[in-house]
Amino acid sequence: MTDNFPEIASLLSCPDDGAPLYHSSREFHCSVCARRFPLHEENVAEILPRHPYELPNSVSAEYQKSYLRAFEQDYRYSGTSMAWGAEETAAESWVRKRRRQVEIVRPLITEGLEPKESVLCDFAAGAGYYTLSYARLFRLVIHCDLSVDNLNYAWRNARSHGIHNILFLRMDYFAPPFRQSLDRIFCLDTLIRGEAHDSVLVAAIARSLKPSGCAVVDFHNWWHNPLRRLGLLPENFGSNRSYRRTEVEQLLRKAGIERFVFHPFIQEFDANSAAGRRLSGFFPPTRLIYCIASPHLGSSLFEASRVAGADGD
């Protein structure tokens with residue numbers, strides 16, 4: 001993996017000033033501000049901005065505290081740390097739903113390119129369900145997370161599966177070290193903190209895409225369950241944000257994204273079974289998945305589309 005560091009540098013920019021980064025010895029360095037960003041293990045790098053992002057008051061206090069705590073961590077290797085959502089600690093039913101989404105997203109993230117010649121990047125990659133599953137489809141995968149525990153867990157899993165084309169990057173997704181350099185990005189189960197948070201993250205994803213690139217993102221739809229709409233089941237989403245389809249598309253446009261394709265998805269049903277496909281026709285989607293195009297892409301190459309059927313309300 002270390003042989004790929006010069007190539008990786010060509011994809012990277014300083015998170016503070018946007019200048020190109022260069023690789024030398026055991027670090028990346030900025031060509032303008034001269035900041036140096038360390039490399040750890042054989043394929044782990046830290047490229048954080050100088051300061052954390054100033055979150056708006058509308059973002060929950062709990063999330064603000066966890067974000068600052070993660071930002072201020074010192075990186076150190078751990079052979080025992082667990083990621084959020086790790087299979088060893090999650091319920092089997094939860095893992096099964098996550099695996100279903102991995103399969104649904106796979107053709108979306110590979111469409112229109114030669115995967116073995118392309119670079120895939122996961123913003124907020126967590127336990128690595130997606131990056132480890134897709135790694136062998138791409139020339140290079142960049143697994144990004146702010147949490148030291150998440151990175152350690154996913155790094156150990158990659159090694160145990162003999163996967164060596166993943167760069168593990170500790171970054172802040174509010175200030176990603178990319179400027180129009182990535183072929184494919186996905187960001188899943190993360191756009192749940194409200195418009196003020198989610199619109200900044202979506203805009204950062206769009207800025208990171210090549211002009212020919214696209215990203216896959218998803219939003220949660222709490223309103224999919226009619227019993228909760230009627231008040232017969234308690235609200236269980238806490239301080240997280242649930243979106244209707246019309247709200248998502250308004251957010252995307254405010255972030256400067258005009259070209260997108262909507263893919264409704266229900267995690268609870270197995271799309272490979274006849275019963276699951278039938279049931280999916282009766283319920284609104286639990287996940288509102290979107291393929292979004294780079295704002296720099298020519299209008300004739302990626303047209304916004306609408307999907308008939310459930311509106312996601």
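Counting from 1, the numbers follow the sequence of the chain as shown.
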Item checked: Ile104 and Ile289, any side-chain heavy atoms less than 4.5 Å apart -> yes

Notebook entry, point to check: Rounded to the nearest 0.5 Å, what separation is found between the OG atom of Ser58 and the CD atom of Glu195?
Noted result: 8.0 Å

Next item on the list: Examine Leu201 and Leu55 and state if one hydrophobic cluster contains both, with Ile, Leu, Val, Met, Phe, Trp and Tyr joined whenever side-chain heavy atoms are less than 4.5 Å apart.
Entry: yes

Margin query: To check you understand the geometry: which heavy-atom pair defines the closest contact between Pro285 and Phe262, and what is its length?
Written below: CG-CZ, 4.3 Å

Next item on the list: Examine distances only and state if a side-chain atom of Asp198 and a backbone atom of Arg193 form a donor-acceptor pair shorter than 3.5 Å.
Entry: yes

Next item on the list: Could you give me the CA-CA distance, side-chain angles and deciding distance for Gln180 and Arg207, then say whether side chain to side chain donor-acceptor pair (under 3.5 Å) is met?
Entry: CA-CA 6 Å; Gln180 296 184 38; Arg207 288 195 306 271; over 6 Å; no

Next item on the list: Give me the ring orientation class for His197 and Tyr173: parallel if the planes are under 30° apart, tilted from 30 to 60°, perpendicular past 60°.
Entry: perpendicular

Check: Can we say Glu87 and Arg99 salt-bridge, meaning some charged N sits less than 4.0 Å from an Asp/Glu carboxylate O?
Finding: yes

Margin query: Is any side-chain heavy atom of Val119 closer than 4.5 Å to one of Ile142?
Written below: yes

Margin query: Does atom CD (Gln73) have a neighbourhood of more than 12 heavy atoms from anything else shown, all under 6.0 Å?
Written below: yes

Note to self: Working note: Ile166 + Phe168, criterion side-chain contact (heavy atoms from CB on, under 4.5 Å); need CA distance, chi angles, decisive distance, verdict.
What the structure shows: CA-CA 6 Å; Ile166 302 179; Phe168 296 88; 3.6 Å; yes

Check: With a 6.0 Å cut-off on ring centres, are Phe186 and Phe123 close enough?
Finding: no

Next item on the list: State yes or no: do Val44 and Tyr153 share one hydrophobic cluster built from I, L, V, M, F, W and Y residues joined by side-chain heavy-atom distances below 4.5 Å, directly or via other members?
Entry: no

Item checked: Taking every non-hydrogen atom, the tightest pair across Ala293 and Ile257 -> O-CG2, 4.2 Å

Check: Would you say the side-chain atoms of Asn152 pair up with the backbone N or O of Ser78, donor to acceptor, closer than 3.5 Å?
Finding: yes

Note to self: Looking at every non-hydrogen atom in both residues, tell me the closest pair between Ala9 and Phe28 and how far apart they are.
What the structure shows: CB-CE2, 3.7 Å

Check: Given side chains that start at C-beta, do those of Ser199 and Lys254 come closer than 4.5 Å, heavy atoms only?
Finding: no

Check: Is there side-chain contact between Ser208 and Cys121, with at least one heavy-atom pair below 4.5 Å?
Finding: no

Check: Just how far is it from atom CG of Leu39 to atom CZ of Arg26, taken to the nearest 0.5 Å?
Finding: 5.0 Å

Check: Can Glu247 and Arg241 be counted as an ion pair, charged N to O under 4.0 angstrom?
Finding: yes

Notebook entry, point to check: Once you round to the nearest 0.5 Å, how far does CD1 of Ile47 lie from CZ of Arg35?
Noted result: 9.5 Å

Next item on the list: Quick one: pull up CD in Gln267 and NZ in Lys97 and give me the separation to the nearest 0.5 Å.
Entry: 6.5 Å

Note to self: Within the 4.5 Å heavy-atom criterion, are Val202 and Leu251 side-chain neighbours or not?
What the structure shows: yes

Next item on the list: Please lay out, stage by stage, how Val148 and Arg170 fare under the test side-chain contact (heavy atoms from CB on, under 4.5 Å).
Entry: CA-CA 7 Å; Val148 173; Arg170 186 166 181 237; 3.6 Å; yes

Item checked: Residue pairs, two or more places apart or on separate chains, that pass salt bridge (charged side-chain N to carboxylate O under 4.0 Å, His left out) and touch residues 143-152 -> none

Next item on the list: Could you walk me through whether Leu209 and Phe178 pass the side-chain contact (heavy atoms from CB on, under 4.5 Å) test, one step at a time?
Entry: CA-CA 8 Å; Leu209 286 169; Phe178 309 106; over 6 Å; no

Notebook entry, point to check: Under the 3.5 angstrom rule, does the side chain of Thr190 hit a backbone N or O of Leu188 as a donor-acceptor pair?
Noted result: yes

Checklist line | Electrostatic pair Arg100:Glu103 at N-O distance under 4.0 angstrom | finding: no

Note to self: Looking at Asp189 and Arg98, is any side-chain nitrogen of the basic one under 4.0 Å from a carboxylate oxygen of the acidic one?
What the structure shows: yes

Next item on the list: Look at the side chain of Arg156 and the backbone N and O of Ser81, then say whether any donor-acceptor pair between them is shorter than 3.5 Å.
Entry: yes

Note to self: Is it the case that the side chain of His23 and the backbone of Ser25 share a donor-acceptor pair, with hydrogens and angles ignored and the cut-off at 3.5 Å?
What the structure shows: yes

Notebook entry, point to check: Quick one: are Leu21 and Phe37 in side-chain contact, heavy atoms under 4.5 Å?
Noted result: yes

Check: Does Leu191 belong to the same Ile/Leu/Val/Met/Phe/Trp/Tyr cluster as Val248, with side-chain heavy atoms less than 4.5 Å apart forming each link?
Finding: yes

Next item on the list: Flag yes if Ile185 and Leu11 sit in one hydrophobic cluster, no otherwise; membership is Ile, Leu, Val, Met, Phe, Trp, Tyr, and two members link when side-chain heavy atoms are under 4.5 Å apart.
Entry: yes

Item checked: Side-chain donor or acceptor of Tyr134 paired with backbone N/O of Ile109 under 3.5 Å -> no

Item checked: Residue pair Leu151 / His143, side-chain heavy-atom distance below 4.5 Å -> yes

Item checked: Nearest-0.5 Å distance, OG of residue Ser118 to CG of residue Leu120 -> 9.0 Å

Notebook entry, point to check: Of all residues at least two apart in sequence or in a different chain, which pass the ring-ring contact (aromatic ring centres under 6.0 Å, His included) check with Tyr67?
Noted result: Phe174

Next item on the list: List the atom of Leu169, the atom of Pro177, and the distance in Å for their closest heavy-atom pair.
Entry: CD2-CG, 3.9 Å

Next item on the list: Could you walk me through whether His263 and Val105 pass the side-chain contact (heavy atoms from CB on, under 4.5 Å) test, one step at a time?
Entry: CA-CA 10 Å; His263 298 273; Val105 170; over 6 Å; no

Next item on the list: Verify, without hydrogens or angle tests, whether Ser66 (side chain) and Tyr63 (backbone) share a donor-acceptor contact under 3.5 angstrom.
Entry: yes

Next item on the list: Would you name the heavy atoms of Tyr22 and Ser31 that are closest together and state the gap between them?
Entry: CE1-CB, 3.3 Å

Checklist line | Within 6.0 Å of CD in Glu54, more than 12 heavy atoms from elsewhere | finding: no

Next item on the list: Please name the pair of heavy atoms, one in Leu132 and one in Ala154, separated by the smallest distance, quoted to 0.1 Å.
Entry: CD1-O, 4.3 Å

Notebook entry, point to check: So, Glu249 and Tyr290: side-chain donor and acceptor under 3.5 Å apart, yes or no?
Noted result: yes

Check: Any sub-3.5 Å donor-acceptor pair from Gln64's side-chain atoms to Pro56's backbone N or O?
Finding: yes

Next item on the list: Report yes or no: do Trp84 and Val95 belong to one cluster of Ile/Leu/Val/Met/Phe/Trp/Tyr joined by side chain heavy-atom distances under 4.5 Å?
Entry: yes

Next item on the list: Say whether, by atom type as modelled, one donor and one acceptor occur between the side chain of Asp183 and the main chain of Lys210 under 3.5 angstrom.
Entry: no

Checklist line | With Arg136 via salt bridge (charged side-chain N to carboxylate O under 4.0 Å, His left out) - residues at least two apart | finding: none

Item checked: Thr89 side-chain N/O to Ala86 backbone N/O, donor-acceptor pair under 3.5 Å -> yes

Check: Hey, what do you get for CZ (Arg76) to NE2 (His40), rounding to the nearest 0.5 Å?
Finding: 10.5 Å

Item checked: Any Phe265 side-chain heavy atom under 4.5 Å of Gln101 side chain -> yes

